[in-house]
**Q** 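Before I ask anything, let me first share the structure, which is written out below as structure tokens.
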Amino acid sequence: RDAVAYIWRNAGDLGLDRDRIGVIGHSAGGHITQMMMGTNWPVHDPSLPADLIKCGIPISPLSHLEPVRRTHGLNAALRMTADEAAEQSPVIHHPPRTSAPQLVAVGGGETSEFKRQAQMYVDAFADDRRPIELFTVPDVDHLGIINVLADRKSPFQARVLDMIFSLKGHSGHSA
């Protein structure tokens, strides 16, 4: 949150348009993306606008942390409690705070749990006010989805770029 706030405050010095900030992340980064979308920015810092983030792209996100907590190998390192898992789960305590569009992506070859978590977030929060789209990238697993994102010929990259370049104040893009 502090990093995003820093970018917003210093956008001019960084050569960025602070009215076009979007977030994207994969796996645990997808979780962070959802948490950023669920941030009440004015509560975090009264100088920040409520709609600071203009789009979010969580890729293969961890939307509900209880299954992670119950995975012995992972939780042996994390030592997450049930209360912490609930508190840090976007689908339980962190609904999106704006109507900024989101593209929730998951690989068609991912485990059923990653597919379930992506769908759970979309089902919980997509409505007429919040455009949240589920995008399944065919035939890729959890790591392969990032390679497809880098492929200039992939429909996934095209969809991500369309979302990014449709933000306020941008006239188009070339890939």
**Q** Please examine the side chains of Ile7 and Arg18, heavy atoms only from C-beta on, and report whether any two atoms are closer than 4.5 Å.
**A**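 Counting from C-beta outward, Arg18 and Ile7 never come under 4.5 Å.
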**Q** With sequence neighbours excluded, what pairs up with Ala118 under the side chain to side chain contact (heavy atoms under 4.5 Å, CB included) test?
**A**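 If we apply the side chain to side chain contact (heavy atoms under 4.5 Å, CB included) test to Ala118, skipping adjacent residues, the hits are Pro61, Val104, Val106, Leu134.
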**Q** Please test Ser27 against His142 for side chain to side chain donor-acceptor pair (under 3.5 Å), starting from the C-alpha separation and ending with a verdict.
**A** CA-CA 8 Å; Ser27 196; His142 190 67; 2.9 Å; yes
**Q** Counting distance only, does the side-chain N/O of Asp141 pair as donor-acceptor with the main-chain N or O of Gly144 below 3.5 Å?
**A**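 Checking the backbone N and O of Gly144 against the side chain of Asp141, a donor-acceptor pair under 3.5 Å is found.
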**Q** Would you call Ile145 and Leu143 a side-chain contact if the rule is heavy atoms closer than 4.5 Å?
**A**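 Ile145 does not reach Leu143 side chain to side chain.
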**Q** Using 0.5 Å steps for rounding, measure from the CD atom of Gln34 to the OG atom of Ser89.
**A**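 Between atom CD of Gln34 and atom OG of Ser89 there are 9.5 Å.
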**Q** Side chain to side chain contact (heavy atoms under 4.5 Å, CB included) for Lys54 and Leu167? Distances and angles first, verdict last.
**A** CA-CA 7 Å; Lys54 305 303 184 194; Leu167 297 177; 3.6 Å; yes
**Q** Please report the C-alpha distance between Ile57 and Met163 in whole Å, then the side-chain angles of each, then the deciding distance to 0.1 Å, and finally whether the side chain to side chain contact (heavy atoms under 4.5 Å, CB included) criterion is met.
**A** CA-CA 9 Å; Ile57 306 169; Met163 177 172 273; 3.7 Å; yes
**Q** Report the C-alpha distance between Gln119 and Phe114 in whole Å, list the side-chain angles of each, state the deciding distance to 0.1 Å, and finish with yes or no for side chain to side chain contact (heavy atoms under 4.5 Å, CB included).
**A** CA-CA 9 Å; Gln119 186 68 58; Phe114 278 107; over 6 Å; no
**Q** Enter the distance from Asp151:CG to Ile146:CD1 here, rounded to the nearest 0.5 Å.
**A**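 Asp151 CG to Ile146 CD1: 13.0 Å, rounded to 0.5 Å.
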**Q** Quick one: are Glu110 and Ser60 in side-chain contact, heavy atoms under 4.5 Å?
**A**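 Yes. Closest side-chain heavy atoms under 4.5 Å.
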**Q** Going by heavy atoms in the side chains, are Leu14 and Tyr6 under 4.5 Å from each other?
**A**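 Yes - at least one pair of side-chain heavy atoms lies under 4.5 Å apart.
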**Q** Can you tell me if CG on Asp139 sees more than 12 non-hydrogen neighbours from other groups inside 6.0 Å?
**A**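 Open: at most 12 neighbouring heavy atoms sit under 6.0 Å from CG of Asp139.
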**Q** Measure from the side-chain N and O atoms of Ser154 to the backbone N and O of Ala150, and report whether any donor-acceptor pair falls under 3.5 Å.
**A**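 Such a contact is absent between Ser154 side chain and Ala150 backbone.
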**Q** Hey, what do you get for CD (Glu87) to CE (Met80), rounding to the nearest 0.5 Å?
**A**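 It is 12.5 Å, given to the nearest 0.5 Å.
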**Q** With a 4.5 Å cut-off on side-chain heavy atoms, are Met36 and Trp41 touching?
**A**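 When only atoms from C-beta onward are counted, Met36 and Trp41 do touch, with a gap below 4.5 Å.
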**Q** Which residue pairs pass the side-chain hydrogen bond (donor to acceptor under 3.5 Å, both in side chains) test with at least one member in residues 94-103, sequence neighbours excluded?
**A**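 Only Gln102-Tyr121 qualify under side-chain hydrogen bond (donor to acceptor under 3.5 Å, both in side chains).
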**Q** Considering all heavy atoms of both residues, which atom of Ala11 and which atom of Asp17 are nearest to each other, and what is their separation?
**A**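 Scanning both residues completely, I find the closest heavy atoms to be CB-C, 4.4 Å.
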**Q** Do Met35 and Arg1 make a side-chain contact, defined as non-hydrogen atoms from C-beta onward lying under 4.5 Å apart?
**A**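 Yes. Closest side-chain heavy atoms under 4.5 Å.
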**Q** Would you call Arg159 and Glu133 a salt bridge, using N to O less than 4.0 angstrom?
**A**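 Looking at Glu133 together with Arg159, the answer is yes, because their closest N to O distance falls below 4.0 Å.
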**Q** Please report the interatomic distance CD1(Ile24) to CG(Leu149), rounded to the nearest 0.5 Å.
**A**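 Output value for this atom pair is 5.5 Å.
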**Q** Of the non-hydrogen atoms in Arg130 and Pro96, which two are nearest, and what is the gap between them?
**A**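 Arg130 and Pro96 have their closest heavy atoms at NH2-O, 3.0 Å.
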**Q** So which atom in Ile21 and which in Leu52 form the shortest heavy-atom distance, rounded to 0.1 Å?
**A**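 It is CB-O, 4.0 Å.
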**Q** Do the side chains of Thr39 and Ile53 get nearer than 4.5 Å, heavy atoms only?
**A**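 Answer no - side chains too far apart.
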**Q** Where do Leu62 and Pro90 come nearest, in terms of heavy atoms and distance?
**A**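 Where Leu62 meets Pro90 most closely, the heavy atoms are O-CD, 4.1 Å.
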**Q** Over all heavy atoms of both residues, which pair between Leu48 and Ala5 is shortest? Give the atoms and the distance, please.
**A**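 Looking at all heavy atoms of both residues, the closest pair is CD1-CB, 3.7 Å.
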**Q** Can a donor-acceptor pair be found, under 3.5 Å and without considering hydrogens, that links the side chain of His31 to the backbone of His26?
**A**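 No, His31 side chain to His26 backbone: no donor-acceptor pair under 3.5 Å.
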**Q** I'd like to know whether Gln157 forms a side chain to side chain contact (heavy atoms under 4.5 Å, CB included) with Val148, so could you lay out the CA-CA distance, the side-chain angles of the two residues, the decisive distance to 0.1 Å, and finally the verdict.
**A** CA-CA 7 Å; Gln157 186 192 74; Val148 175; over 6 Å; no
**Q** Side chains of Val160 and Phe156: closer than 4.5 Å at any heavy-atom pair?
**A**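 Of all side-chain heavy-atom pairs linking Phe156 with Val160, at least one is under 4.5 Å.
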**Q** Heavy-atom count check: over 12 atoms from other residues, nucleotides or ligands less than 6.0 Å from Arg79 CZ?
**A**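 Counting other residues, nucleotides and ligands, CZ of Arg79 stays at 12 neighbours or fewer.
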**Q** Quick one: pull up CG in Leu103 and OG1 in Thr33 and give me the separation to the nearest 0.5 Å.
**A**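 Here the interatomic distance stands at 11.5 Å.
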**Q** Decide side chain to side chain donor-acceptor pair (under 3.5 Å) for Thr81 and Asp83; before the verdict, give the C-alpha distance in whole Å, the side-chain angles of both, and the deciding distance to 0.1 Å.
**A** CA-CA 5 Å; Thr81 68; Asp83 287 344; 5.3 Å; no
**Q** What heavy-atom pair brings Gln117 and Ser63 nearest, and what distance separates the two atoms?
**A**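 Looking at all heavy atoms of both residues, the closest pair is OE1-N, 2.6 Å.
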**Q** Any pair with a residue in residues 111-124 that passes salt bridge (Lys or Arg N to Asp or Glu O under 4.0 Å), sequence neighbours left out, goes on the list, sorted by first then second residue, please.
**A**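 Salt bridge (Lys or Arg N to Asp or Glu O under 4.0 Å) check on residues 111-124 returns Glu113-Arg116.
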